[in-house]
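Any value given below was found using the heavy atoms of this structure, including those in side chains, with hydrogens, waters and symmetry copies removed.
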Amino acid sequence: MAQRVMAIYPGSFDPITYGHLDLIERGSKIFDELIVAILRNPEKEPLFSLEERVEMLQEVTQHCSNVSVDTFHGLLVDYAVRKQARVILRGIRAISDYEYELQMALMNRKMDSNLETVFMMPAVAYTYLSSRLVREVCQLGGNIKGLVPPQVEERLRAKVE
């Protein structure tokens, strides 16, 4: 019998976008279990609290029965070992993402040779999309419909108004 494959999709998800959700949904079809892991980074000032990001992710992923949401701090490799995950899922939108993600994947492999990184391209409609861009457009009063799920848009508008 084949061993179940658990993957971790790490990120800040501040806020979650349809690009993130696209990768989560597609990743949930590939892996037996997918943990969406929010990095607790004391160096960054997120727009949404850790609790708010957990709530939003749980809301928008509830239709994916094999997806769970968690938080972590420190090294991703250490978190993966604690969770007994064998795969890191990462999204790549552009060449600039690839260079950074390749460095991270190689370092993670150096620290744990049993941990694989799987890169996925987002759907074409979301290749330009980032949380930072969504926050900026919203803060400047722009239309973010279709970039984030409706409940995220509602929370985002309430934060910036």
Side-chain angles (χ1 to χ4, degrees), residues 2-41 44 46 48 50 53-137 144-153 156:
Q3 188 176 1
R4 292 180 54 82
V5 178
M6 180 190 297
I8 297 172
Y9 179 33
S12 59
F13 306 102
D14 187 36
I16 184 169
T17 68
Y18 276 131
H20 295 130
L21 195 53
D22 174 54
L23 260 60
I24 292 167
E25 289 171 345
R26 289 171 41 223
S28 75
K29 294 173 186 168
I30 296 171
F31 304 108
D32 297 306
E33 187 176 343
L34 179 62
I35 300 172
V36 180
I38 306 169
L39 173 64
R40 286 181 286 175
N41 186 348
K44 284 190 174 181
F48 289 98
L50 197 57
R53 288 179 280 160
V54 167
E55 285 174 14
M56 286 188 286
L57 276 161
Q58 287 173 335
E59 283 176 29
V60 301
T61 62
Q62 63 186 344
H63 64 285
C64 301
S65 61
N66 63 335
V67 172
S68 60
V69 179
D70 197 11
T71 64
F72 76 101
H73 67 280
L75 290 174
L76 178 58
V77 169
D78 294 339
Y79 177 73
V81 168
R82 283 194 306 274
K83 291 294 182 177
Q84 298 180 332
R86 295 176 34 213
V87 176
I88 302 299
L89 174 62
R90 296 298 294 162
I92 299 206
R93 297 168 297 207
I95 295 296
S96 56
D97 284 350
Y98 178 74
E99 291 172 359
Y100 172 78
E101 294 296 342
L102 178 63
Q103 283 183 320
M104 295 302 293
L106 292 172
M107 181 57 78
N108 287 339
R109 186 183 298 158
K110 174 89 172 137
M111 290 188 285
D112 184 347
S113 61
N114 295 315
L115 192 61
E116 293 295 337
T117 300
V118 172
F119 298 121
M120 287 181 71
M121 305 295 292
V124 173
Y126 308 124
T127 54
Y128 64 91
L129 195 52
S130 72
S131 294
R132 180 191 53 76
L133 193 57
V134 167
R135 284 193 313 268
E136 287 177 13
V137 169
I144 57 169
K145 188 176 266 349
L147 305 180
V148 296
Q151 59 269 56
V152 174
E153 180 179 359
L156 194 50

query: Of all residues at least two apart in sequence or in a different chain, which pass the salt bridge (Lys or Arg N to Asp or Glu O under 4.0 Å) check with Arg93?
result: Asp97

field: Side chain proximity check, Leu133 to Tyr128, heavy atoms < 4.5 angstrom
entry: yes

message: When you compare the side chain of Leu115 with that of Arg86, does any pair of heavy atoms fall below 4.5 Å?
response: no

field: From OG (Ser28) to CG (Asn66), nearest 0.5 Å
entry: 5.0 Å

- prompt: Do the non-hydrogen side-chain atoms of Ile16 and Ile24 ever get within less than 4.5 Å of each other?
  reply: yes

- prompt: Donor-acceptor pair, Arg90 side chain versus Leu102 backbone, under 3.5 Å?
  reply: no

- prompt: Can you check whether Val36 reaches Asp70 side chain to side chain, under 4.5 Å on heavy atoms?
  reply: no

- prompt: Backbone N or O of Pro122 within a donor-acceptor pair of the Asp22 side chain at under 3.5 Å?
  reply: no

field: Inter- and intrachain pairs under side chain to side chain donor-acceptor pair (under 3.5 Å), touching residues 104-126, at least two apart
entry: none

Met107, CE atom: more than 12 neighbouring heavy atoms under 6.0 Å: no

Val5 side chain reached by Glu33 side chain, heavy atoms, under 4.5 Å: no

- prompt: Using 4.0 Å as the upper bound for N to carboxylate O, is an ion pair formed by Arg132 and Asp14?
  reply: no

query: Would you call Pro15 and Arg53 a side-chain contact if the rule is heavy atoms closer than 4.5 Å?
result: no

message: One thing to verify: whether Asp78 and Arg82 come together as a salt bridge, which I'm taking to mean a side-chain N less than 4.0 angstrom from a carboxylate O.
response: no

- request: Could you tell me how the ring of Phe13 sits relative to the ring of His20: parallel (under 30°), tilted (30 to 60°) or perpendicular (over 60°)?
  value: perpendicular

- request: Say whether, by atom type as modelled, one donor and one acceptor occur between the side chain of Asp32 and the main chain of Met6 under 3.5 angstrom.
  value: no

- prompt: Is the count of non-hydrogen atoms from other residues, nucleotides or ligands lying under 6.0 Å from Tyr98 atom OH greater than 12?
  reply: no

field: Sub-4.5 Å side-chain heavy-atom contact between Val69 and Ile38
entry: yes

Side chain proximity check, Val118 to Phe31, heavy atoms < 4.5 angstrom: yes

